[in-house]
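Okay, structure first, notes after.
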Amino acid sequence: MAQIKNNSITSRDVDFTQWYTDVCKKAELMDYSTVKGFIIYRPYGYAIWEEIQNYLNKRFKETGHSNVYMPLVIPESLFNKEKEHVEGFAPETLIATKGGESTLEDRLIIRPTSEVLFTDHYAKIIASYRDLPKLYNQWCNVVRWEKTTRPFLRGSEFLWQEGHTMHASETEARDETLRMLDIYDDLGREALAVPFVKGRKTEKEKFAGALETYSIEALMHDGKALQSGTSHYFGQGFAKAFNVKYLDKDGQIKAPYQTSWGVSTRLIGSIIMVHGDDNGLVLPPVVAPIQIVIIPVKMNDEESVKVCQDLKKQLLDEGIRVELDLSDKSAGWKFSEYEMKGVPLRLELGPRDLALNKCVIAKRNTGEKLDVKLEDVTSSVKDLLAVVHNEMYQKALTFLSEHIKEVHTFDELEKVVNAGGYAKMMWCGDVACENAIKERTTATSRCMPFAQIPFDDICPICGKEAHYVVLFAKAY
RNA sequence: CGGGGUGUAGCGCAGGCGGUAGCGCGCUUGGUUCGGGACCAAGAGGUCAGGAGUUCGACUCUCCUCACUCCGACCA
């Protein structure tokens, strides 16, 4: 009945950082490799990523995007064409300088992002307004030479998708930027059970080379924010730098308007830190590699094993990701193991259940155990998966709303960000105020939320007139 | 790049006075178990991170190097 104390992981409230690392490893999501900052995505962790891919690929294709694949390397000469972009990424590029025995004249940058490659390619394939829009996406890995690394949150290499699009009009490109941000928001609400704050980045925080950057921000259990996805509007900057042009209907040569957008395996970190507890991972059903695990309580009881196998087949037929664990570990060990791995539902079945023609289904998120008649298992499981998702989302949403607080003074802001959560502040728009906040509290501006409802006239930092509602928080 | 920490069996850790290494978990085999991380028995498993120095002798002392990890500055 009672939750067993799990000695193998650190408690969340004792040391959140250690808890996070413990979960990543003990739930078998990843392992460290021999190269710093490069992790091994183990099958269970990679499967979560595959479920995220499934969701997004469906949405991307519905909205007219095609998947492509670009090279891993970017010639340095090409990379240098867009100035702000270069300055933003130069400090963290990994560069290949040698091919075989010969030194490379034009060094090859391992892509940190692929704006350059896409734009260069677009210059070749776009000639007419009839060629627009171009809606491409790629799933790949990128490399950024990070100083400090943490599994899924910040790695020298990570997996992501990057969409890159070209449009004939500014309006269309701006719409695209926001449409994709909405899809990310849907991903959070419908699949990850993670509520995001959507908004625009300040000048200081926006992407190198973009005119505008929008982001989805999630709030972790320890009160720190995590930028979980971004969508950028580039205007014609890259297009002009890379000489992308087309002949419009009116006979004029024009440069197209560009966007890019991406989410990465960082989302896995966000799932872990939003939903996890002291017994380990808690996975939202939509992306859980195993949605329900069946555990026969008495291993060598032929009758219950047979019923378990029948139930497994029924669930499989309904498209539910089910696993039946017939290994010779004890039932208690299995309970703990699948809790650690965050499996949303567990079905227990033993002789005592069989006598009553029922089984027990336990919900990972609440620990509740329910008696379910054997003939109702399939329909109950479907319902329960939906219930678990909703409960997880609502819980996270409540936590988020309780951790957004309006502040009117610097002291209040400091108190809020130190306690964990977002300080909602009216801001003048001057980067000097952002810098002052960062210096004193280490918190940064996360975004200017779309719902801009002013609640004060002056910026508490400098005392000048305030124009924007901004959220500040300590962030990963 | 600055500051700390750790490197001994797959994992987590002991160890010492300088004399060539041990515990727990895990793993293998056999048996008994099975409703919240079962138990018994028998096994396998080690260039003590690397290099140099001191010494008759270094896993232990000295110096250097490397790796990983955590905290800051930078980023998804």
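Here is how names work: the chains are called A, B, and so on, in the same order as the sequence lines, proteins then strands, and each is numbered from 1.
- The nucleotide whose nearest atom lies closest to any side-chain atom of A:Glu339 is, among B:rG36, B:rC27, B:rG37, B:rG36.
- Nucleotides B:rU62 and B:rG22 are separated by 27 Å at their C1' atoms, to the nearest Å.
- Distance check on atom P: B:rG51 versus B:rG4 gives 27 Å, rounded to whole Å.
- For the pair A:Thr149 and A:Lys206, both in contact range of RNA chain B, the more 5′-proximal nearest nucleotide belongs to A:Thr149.
- No engagement by A:Pro112 is indicated, since no non-hydrogen atom pair under 4.0 Å with the nucleic acid exists.
- Distance CG (A:Leu356) to P (B:rG35): 18 Å, rounded to an integer number of Å.
- Taking only side-chain atoms of A:Phe335, from C-beta outward, the nucleotide of B:rG36, B:rC34, B:rG37 with the closest atom is B:rG36.
- The environment of NZ in A:Lys373 is sparse: at most 12 heavy-atom neighbours from other residues, nucleotides or ligands sit within 6.0 Å.
- The nearest whole Å value for the distance from the CE atom in A:Met299 to the P atom in B:rA38 is 14 Å.
- Searching all strands for a Watson-Crick or G-U wobble partner of B:rC1 with both distances below 3.5 Å returns B:rG72.
- Note on A:Asp301: nothing from the nucleic acid sits closer than 4.0 angstrom, heavy atoms only.
- Ion pairing of A:Glu62 with A:Arg59 is present here, as a side-chain N (NZ or NE/NH1/NH2) and a carboxylate O approach within less than 4.0 Å.
- A:Thr265 comes within 4.0 angstrom of nothing in the nucleic acid, heavy atoms only.
- Using N1 to N3 plus N6-O4 or O6-N4 for Watson-Crick, or N1-O2 and O6-N3 for G-U wobble, each under 3.5 Å, B:rU32 pairs with B:rA38.
- Checking B:rC70, B:rC27, B:rG72 against the side-chain heavy atoms of A:Thr148 singles out B:rG72 as nearest.
- In this structure, A:Gly155 reaches the bases: a heavy-atom distance under 4.0 Å links it to at least one base atom across the strands shown.
- Mapped onto RNA chain B by nearest heavy atom, A:Tyr32 and A:Glu348 fall at different nucleotides, with A:Glu348 at the one closer to the 5' end.
- Using a 4.0 Å cut-off between charged side-chain N and carboxylate O, A:Arg189 and A:Asp185 make a salt bridge.
- Among the protein residues, A:Lys438 comes within range of the sugar-phosphate backbone only, with heavy atoms under 4.0 Å from sugar or phosphate atoms but none that close to a base.
- Base pairing of B:rG45: no nucleotide in any strand meets the Watson-Crick or G-U wobble criterion (both distances under 3.5 Å).
- Among the protein residues, A:Asn300 comes within range of the nucleic acid bases, having at least one heavy atom under 4.0 Å from a base atom.
- Rounded to an integer number of Å, the gap from A:Asp31 CG to B:rC68 P is 14 Å.
- When the P atom is used for both B:rU33 and B:rA38, the distance is 16 Å, rounded to whole Å.
- Of the candidate nucleotides B:rC70, B:rG35, B:rG36, B:rC70 has the atom lying nearest to any side-chain atom of A:Thr17.
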Chi angles and distances behind the side-chain contact (heavy atoms from CB on, under 4.5 Å) call for A:Glu82, A:Val86: CA-CA 6 Å; A:Glu82 213 287 341; A:Val86 177; 5.5 Å; no
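- Across all strands shown, B:rU60 has no partner, as no Watson-Crick or G-U wobble contact with both distances under 3.5 Å is found.
- Of the candidates B:rG36, B:rG37, B:rC70, B:rC70 carries the atom nearest the A:Thr21 side chain, counting heavy atoms from C-beta on.
- Listed nucleotides B:rG37, B:rA73, B:rC27 differ in distance to A:Ser336; the shortest reach to its side chain belongs to B:rG37.
- Electrostatic pairing of A:Arg174 and A:Glu176 does not count as a salt bridge here, judged by no charged N lying under 4.0 Å from a carboxylate O.
- Nucleic acid contact class of A:Leu153 (heavy atoms, under 4.0 Å, all strands): base.
- Checking B:rC74, B:rG35, B:rC70 against every side-chain atom of A:Arg154, the shortest atom distance belongs to B:rC74.
- Side-chain N/O atoms of A:Lys329 include one lying less than 4.0 angstrom from OP1 or OP2 on B:rC27.
- In summary, A:Arg364 and A:Glu339 do not engage in a salt bridge, as defined by a charged side-chain N under 4.0 Å from a carboxylate O.
- For A:Lys369 and B:rG36, a side-chain-to-base donor-acceptor distance below 3.5 Å is present, hydrogens and geometry of angles not being considered.
- With both pairing distances under 3.5 Å, B:rU6 is matched to B:rA67 as a Watson-Crick or G-U wobble pair.
- B:rU6 and B:rG12: their C1' atoms are spaced 13 Å apart (whole Å).
- Ion pairing between A:Glu217 and A:Lys198 fails under the 4.0 Å rule for side-chain N and carboxylate O.
- Atom NZ of A:Lys147 is separated from atom P of B:rC70 by 17 Å (rounded to the nearest Å).
- Comparing B:rA42 with B:rG36, their C1' atoms sit 30 Å apart, to the nearest whole Å.
- Between A:Arg150 atom CZ and B:rC74 atom C1' there is a gap of 16 Å when expressed in whole angstrom units.
- Side-chain atoms of A:Ser330 stay outside donor-acceptor range of the base of B:rG36, with no qualifying N/O pair under 3.5 Å.
- Annotation: B:rA67 and B:rG53 have their C1' atoms spaced 23 Å apart (nearest Å).
- Ion pairing of A:Arg321 with A:Glu51 is present here, as a side-chain N (NZ or NE/NH1/NH2) and a carboxylate O approach within less than 4.0 Å.
- At whole-Å resolution of the value, CG in A:Leu326 and P in B:rC34 are 17 Å apart.
- Ionic pairing of A:Lys474 and A:Asp222 is not present here: no N-O contact between side-chain nitrogen and carboxylate oxygen is shorter than 4.0 angstrom.
- With rounding to whole Å, A:Glu87 atom CD is found 13 Å from B:rC75 atom P.
- Nucleotide B:rC23: paired with B:rG12 (Watson-Crick or G-U wobble, both distances less than 3.5 Å).
- Nucleotides B:rC23 and B:rG19 place their C1' atoms 22 Å apart, quoted to the nearest Å.
- Contacts of A:Val263 with the nucleic acid, taken as non-hydrogen atoms under 4.0 Å apart, are absent.
- For A:Glu146, counting side-chain heavy atoms from C-beta on, the closest listed nucleotide (B:rC74, B:rG36, B:rC34) is B:rC74.
- Comparing the P positions of B:rC13 and B:rU20 gives an interatomic distance of 26 Å, to the nearest angstrom.
- One atom, NZ of A:Lys26, and another, P of B:rG26, lie 13 Å apart when rounded to the nearest Å.
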